[in-house]
Number of protein chains: 2
Amino acid sequence: MAERKNNETSRDTVPDAVVSRLSLYLRELQHLIANDCETTSSTQLGRLLGFTDAQVRKDLAYFGQFGYPGIGYRCSELVGAIRKILGTDRSWPIGIIGVGNLGRALLGYRGFDQQGFEIAAAFDTVDDKVGQEFEGIRVYHISDLEKIVEKMSIKLGIIAVPGPAAQDVANLLVDAGVEGVLNFAPVTISLPDSVQLVGVDLAIQLEQLSFAVVNRATNS
Amino acid sequence: MAERKNNETSRDTVPDAVVSRLSLYLRELQHLIANDCETTSSTQLGRLLGFTDAQVRKDLAYFGQFGYPGIGYRCSELVGAIRKILGTDRSWPIGIIGVGNLGRALLGYRGFDQQGFEIAAAFDTVDDKVGQEFEGIRVYHISDLEKIVEKMSIKLGIIAVPGPAAQDVANLLVDAGVEGVLNFAPVTISLPDSVQLVGVDLAIQLEQLSFAVVNRATNS
DNA sequence: TAGATTGTTAATCGATTAACAATC
DNA sequence: TAGATTGTTAATCGATTAACAATC
């Protein structure tokens, strides 16, 4: 069907920045749909998010042709296309390691389900927590990680343990066979290339904000 | 002291990517210090974080000269310099709006204090929560926001409310006089240019991971 | 001194924007 | 049809890397 050099597996590498904008497009499109918009345009999407229209079109062009010249994009169609690109057109069972404050907050976070993520199990080492349920999610002992990961087909792991334990937990997740890790611990961890890693450090986000405030006269 | 075109306020705009790497350098330096390293080098820092040595030196060069040719960087000195650049050499009183799962997790998050952030007050609209304390932090009614922000010199606000309420809360924060907002709600909010905004969407982080996993054969 | 490492300039690489023919 | 908007190419802009004189 599609011409060009296309060959499915030999697609050019996509910059991270493009992928994260894709998520933003998806979020805006879902809002537009909630507000009964049937179609949108690169200009509208760009205006909503502070990007140029050219950038919106270019980003989408990495993955194919989704629009209609003279018309724009059908919102629901583009949502479907982006979810397919991101891999969220199916459900991802997730395991969370660490049932402290942050872990429990993530267990209760409603935003995940809506985007195709489903927290299947939690893990901890503290006896008082193991066997309990939080937000309807059962807490297992970390020593059962491999067994449960397999049984529940868990593909992604979220690390929500203190920094010093993070690398050990990461290793256990890799051994258990997960394919991707989201790390909330404030440390750099290293994984084999075959396992994907995304890190989120909440303190770093505040540092970015602090910098922006201190330098606001200069940079905005 | 410093020559060059330098004039303090006319510094070239610093790319966001540079600022976020600065936070990573800071984190690694703190680990090095914890492990009794007195000095480090651009090569070592780069290796720890997966950057080139040239990038480390170039990033720091935006802000001044912090190293010693032939020797490298004194860790504690560079930590001090980066904290000053990021504005975390002083304490930032923070207000958190929304005391649901995520808000409470942030209230209890130990990583903030260590980096110069201090959660001073929490706000909600739910009667059962107002007046309570979580993790030693008092919850006020949102209608007291302006008063408390002034009294406690709160400069940064964290939005941890559901999406539909986020823009309203943002407006209240701006009216109350905060200078920066960290938004955890999964919506795009808009603020006057005079108020800085950083957004963190947890579902988006998982989408990035999902994309990376689905495309791992191609891009890693 | 010789070896190491910085700060900085120039070269390379990649990402964003502008422009426009093709299309509805 | 005229107006709108796409997908895509070429031009611009910015960020990363390589190289090296200066320095300890």
Side-chain angles (χ1 to χ4, degrees), chain A residues 1-6 11-22 24-25 28-29 32 37-75 77-78 81-82 85 208 218-219, chain B residues 1-6 11-22 24-25 28-29 32 37-75 77-78 81-82 85 208 218-219:
Chain A
M1 8 207 79
E3 272 84 357
R4 296 194 292 280
K5 58 192 154 188
N6 150 337
R11 178 160 80 206
D12 286 352
T13 293
V14 180
D16 283 351
V18 171
V19 184
S20 75
R21 285 195 297 267
L22 229 45
L24 294 173
Y25 301 151
E28 289 305 330
L29 286 162
L32 287 169
C37 293
E38 300 228 322
T39 65
T40 185
S41 65
S42 54
T43 309
Q44 182 179 36
L45 275 176
R47 186 165 24 78
L48 289 168
L49 289 162
F51 307 142
T52 64
D53 59 323
Q55 178 146 74
V56 175
R57 294 197 300 278
K58 195 87 205 299
D59 286 344
L60 295 172
Y62 273 95
F63 305 98
Q65 305 182 152
F66 308 104
Y68 303 89
I71 296 183
Y73 303 90
R74 300 203 211 289
C75 295
E77 213 174 283
L78 190 51
I82 294 179
I85 293 164
Q208 305 303 299
T218 333
N219 71 332
Chain B
M1 9 210 79
E3 271 84 357
R4 296 195 293 279
K5 58 191 154 187
N6 149 335
R11 180 160 77 205
D12 286 351
T13 292
V14 180
D16 284 351
V18 172
V19 183
S20 74
R21 285 194 297 266
L22 229 44
L24 295 173
Y25 300 151
E28 290 304 331
L29 286 163
L32 287 169
C37 294
E38 299 228 322
T39 65
T40 185
S41 65
S42 54
T43 309
Q44 181 179 36
L45 276 176
R47 186 166 22 80
L48 288 167
L49 289 161
F51 308 142
T52 64
D53 59 323
Q55 179 148 72
V56 175
R57 294 196 300 278
K58 195 86 205 301
D59 285 344
L60 295 173
Y62 272 97
F63 305 100
Q65 306 181 151
F66 307 105
Y68 303 89
I71 296 182
Y73 304 90
R74 300 202 211 291
C75 295
E77 214 175 282
L78 189 52
I82 294 178
I85 293 163
Q208 304 305 298
T218 332
N219 71 332

Minimum-distance nucleotide (side-chain atoms of [X] versus [options]):
X: A:Ser41; options: D:dT6, C:dT16, D:dT23; answer: D:dT6
X: A:Gln65; options: C:dC24, D:dT23, D:dT8; answer: D:dT8
X: B:Lys58; options: D:dA15, C:dT9, C:dT6; answer: C:dT9

Touch check for A:Phe51, heavy atoms < 4.0 angstrom, all strands: base, sugar-phosphate only, or nothing? nothing

Within the 4.0 Å heavy-atom criterion, would you say A:Thr43 contacts the bases, only the backbone, or no part of the nucleic acid? nothing

Which dot-bracket string fits DNA chain D when only Watson-Crick or G-U wobble pairs with both atom distances under 3.5 Å count, crossing pairs get [ ], and | stands for a partner on a different strand? ..||||||||||||||||||||||

B:Leu60 and B:Leu78: side chain to side chain contact (heavy atoms under 4.5 Å, CB included), yes or no, with the steps? CA-CA 10 Å; B:Leu60 295 173; B:Leu78 189 52; 4.2 Å; yes

Calculate the interatomic distance between [X] atom [atom1] and [N] atom [atom2]; express it in whole Å.
X: A:Gln55; N: D:dG14; atom1: CD; atom2: C1'; value: 13 Å
X: B:Leu49; N: D:dT16; atom1: CG; atom2: C1'; value: 16 Å
X: B:Arg57; N: C:dT9; atom1: CZ; atom2: C1'; value: 12 Å
X: A:Asp16; N: C:dT16; atom1: CG; atom2: P; value: 11 Å
X: B:Tyr62; N: C:dT8; atom1: OH; atom2: C1'; value: 13 Å
X: A:Gln44; N: D:dT5; atom1: CD; atom2: P; value: 10 Å
X: A:Ile71; N: D:dG3; atom1: CD1; atom2: C1'; value: 12 Å
X: A:Asp59; N: C:dG14; atom1: CG; atom2: P; value: 17 Å

On the nucleotide [N], are OP1 or OP2 found under 4.0 Å from the side-chain N or O atoms that [X] carries?
X: A:Arg21; N: C:dA15; result: no
X: A:Thr52; N: C:dT16; result: no
X: A:Tyr73; N: D:dG7; result: yes
X: A:Ser42; N: D:dT5; result: no

Checking side-chain polar atoms at under 3.5 Å, does A:Arg74 have a donor or acceptor matched by the opposite partner on A:Thr39? no

Tell me the closest heavy-atom pair linking B:Val56 and B:Tyr25, and the distance in Å. CA-OH, 3.5 Å

Most 5' of A:Tyr68 and B:Thr40 on DNA chain C, judged by nearest nucleotide: B:Thr40

Note: for B:Ala54 and A:Asp53 on DNA chain C, the residue whose nearest nucleotide lies more 5' is B:Ala54

By the definition side-chain hydrogen bond (donor to acceptor under 3.5 Å, both in side chains), identify the one residue from A:Gln55, A:Arg47, A:Lys58, A:Arg57 that meets it with A:Ser42. A:Arg57

Between A:Leu24 and A:Phe51, is a side chain to side chain contact (heavy atoms under 4.5 Å, CB included) present by the stated rule, with each step listed? CA-CA 11 Å; A:Leu24 294 173; A:Phe51 307 142; 4.0 Å; yes

Full working for side chain to side chain donor-acceptor pair (under 3.5 Å) between A:Gln44 and A:Tyr73: CA-CA 10 Å; A:Gln44 182 179 36; A:Tyr73 303 90; over 6 Å; no

Pairwise side-chain contact, B:Tyr62 with B:Leu22, heavy-atom cut-off 4.5 Å (strictly under): no

Please walk me through it: do A:Cys75 and A:Glu38 pass side chain to side chain contact (heavy atoms under 4.5 Å, CB included)? CA-CA 6 Å; A:Cys75 295; A:Glu38 300 228 322; over 6 Å; no

